[in-house]
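One structure is given below, encoded as structure tokens.
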Amino acid sequence: MTVNAGIIGATGAVGQRLIQFLDPHPDFEITALTASDASAGDTYREAAKWRISMPIPEDIAEMTVTETDPDAMPDDVDIVFSSLPSSVGEAVEPDFCEAGYVVSSNSSNGRTDPDVPLTIPEVNADHIGLLEVQRDERGWDGALVKNPNCSTITMVPPLAALDEAFGLEAVTVSTLQAVSGAGYSGVTSMEIIDNAIPHIGGEEKKMETESRKLLGAFDGAEVSWHDARVYASCNRIPTLDGHLENVWTDTEADATVADAKEACRAYSGADLPSSPDRLIHVFEEPDRPQPRLDRDRDNGMAIAVGGLQETEGGLQFNCLAHNTMRGAAGASVLNGELLLTEGYL
Ligand code: NAP
């Protein structure tokens, strides 16, 4: 039996990827689509400027987009995937949770709240237990679960593998982020063609805080954040999809390249439909991963690692993930699969 799913913010860059992910999906069936008031009442074909190379699924194209309001959501929707701008998510996601909907959200609001699970199922599935705390504290019948920012999600699985193997003391990361990460109205062509922009507002703070929460330990009541020091510098470049990141780590134990490769390759996926069999793909070639060549591996859900080198006190490497698949839509679908497996739907 499938679970009925609504997508709120369905017409944007992440919303379109959610449709690509969920139509079809073994567990979820899309039964409701919402966007801004300007789109409400239109068919999805009319409302969305479709920018994915596969065609809009025919059944989705003819669905009517409604306003983003729990009162307009059909009662039989069991899970809501949210891809709203964060300011809108902050205003409306709690209303959906209060109305009894389980919300799996991409928006940045609430990600570091103590009672909100911020999860990558392959890394910290146990943090989903925070929902018990959330329900006690907020009195919601519904629930709110977040996936991290797309740049955070790219580096955290290899960091988790290296933390298990050697212990992490410090992380420094510099990113080369694709334009789709800013959403459809994010960066104009005049700004980004023939250019690189060495500032992405708020992104550095997100990488520095979210990664420590994700790598933290949950004791059944709260998450103790990892005490590694994390420093990020975030840059926008004119690629379409796929965030490439250069990472330097200080490790507690001495780390070798051979052991680091083994730790990354052995780091397991989750037993969920959208999790790849091998989560982290390690390249031997020094000039990989590259966005155009490597972002689509395993339906855009794999993390690619390359350029592993020993440094004084730690390791250096590059990593890459598809920002709107693994970094956004696929991440919230994976969290939906985890919620289903754990009995929250
Ligand atoms: P986007 O392309 O700008 O799409 C935003 C969506 O929200 C559209 O469906 C839009 O509908 C709807 N919306 C805008 N204002 C609204 C309002 N006042 N009420 C209801 N709906 C409204 O943004 P995006 O890139 O898909 O990002 C969505 C969220 O995911 C953001 O919070 C972003 O930070 C996060 N995220 C994005 C990425 C990425 O790689 N792009 C990765 C991780 C997380 P209309 O079409 O009607 O305007």
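Read the numbers this way: they start at 1 and go in the same order the structure lists the ligands and their atoms.
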Can you check whether [Y]'s main-chain N or O pairs, donor with acceptor, with [X]'s side chain at less than 3.5 Å?
X	Y	value
Arg295	Asp241	yes
Asn318	Asn246	no
Ser224	Gly216	no
Arg212	His226	yes
Ser332	Ser105	no
Glu169	Ala228	no

Would you check whether Tyr184 has a nitrogen or oxygen atom less than 3.5 angstrom from a nitrogen or oxygen atom of ligand 1?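 Yes; the residue has a nitrogen or oxygen that sits under 3.5 Å from a nitrogen or oxygen of the ligand.
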Could you check which of Val14, Leu84, Val92 puts a non-hydrogen atom nearest to atom 31 (C) of ligand 1?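 Considering heavy atoms of Val14, Leu84, Val92, the nearest to atom 31 (C) of ligand 1 sits in Leu84.
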Out of Gly15, Ser83, Ala40, whose heavy atom is nearest to atom 6 (C) of ligand 1? Ser83
Where do Ser83 and Gly9 come nearest, in terms of heavy atoms and distance? OG-O, 2.8 Å
Can you tell me the protein heavy atom closest to [atom] and the distance?
atom	result
atom 23 (O) of ligand 1	Gly183 CA, 4.1 Å
atom 2 (O) of ligand 1	Ala13 N, 3.0 Å
atom 45 (P) of ligand 1	Thr11 OG1, 3.4 Å
atom 13 (N) of ligand 1	Pro85 CD, 3.8 Å
atom 4 (O) of ligand 1	Gly12 CA, 3.2 Å
atom 48 (O) of ligand 1	Ser36 OG, 3.6 Å
atom 35 (C) of ligand 1	Asn106 O, 3.6 Å

Would you verify that at least one protein heavy atom lies under 4.0 Å from atom 8 (C) of ligand 1, or report that none does?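 Yes, because at least one protein heavy atom sits under 4.0 Å from atom 8 (C) of ligand 1.
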Between Lys205 and Glu210, is the closest basic N to carboxylate O distance under 4.0 Å?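 The answer is no: the pair does not qualify as a salt bridge.
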Any salt bridge linking Glu122 with Arg326? Criterion: basic side-chain nitrogen under 4.0 Å from a carboxylate oxygen.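 Salt bridge between Glu122 and Arg326, a charged N being under 4.0 Å from a carboxylate O: yes.
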For ligand 1, the portion of [X] having any non-hydrogen atom under 4.0 Å away:
X	result
Val88	side chain
Ser180	backbone
Thr68	side chain
Ala10	backbone

Can you list the ligand 1 atoms lying under 4.0 Å from a non-hydrogen atom of [X]?
X	result
Thr324	39 (C), 40 (O), 41 (N)
Ser86	32 (O)
Ser39	45 (P), 46 (O), 47 (O)
Asn323	40 (O), 42 (C)
Ser107	32 (O)

Using 30° and 60° as the class limits, which term best fits the ring planes of Trp50 and Tyr44: parallel, tilted or perpendicular? perpendicular
Gln177 and Asn235: side chain donor to acceptor below 3.5 Å: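 Side chains of Gln177 and Asn235: no pair found under 3.5 Å.
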Just by distance, no angles: are the side chains of Glu310 and Thr256 close enough, under 3.5 Å, to form a donor-acceptor pair? no
Do the two ring centres, one from Phe81 and one from Phe21, sit under 6.0 Å apart? no
Of all the heavy atoms in Gly327, does at least one lie under 4.0 Å from an atom in ligand 1? yes
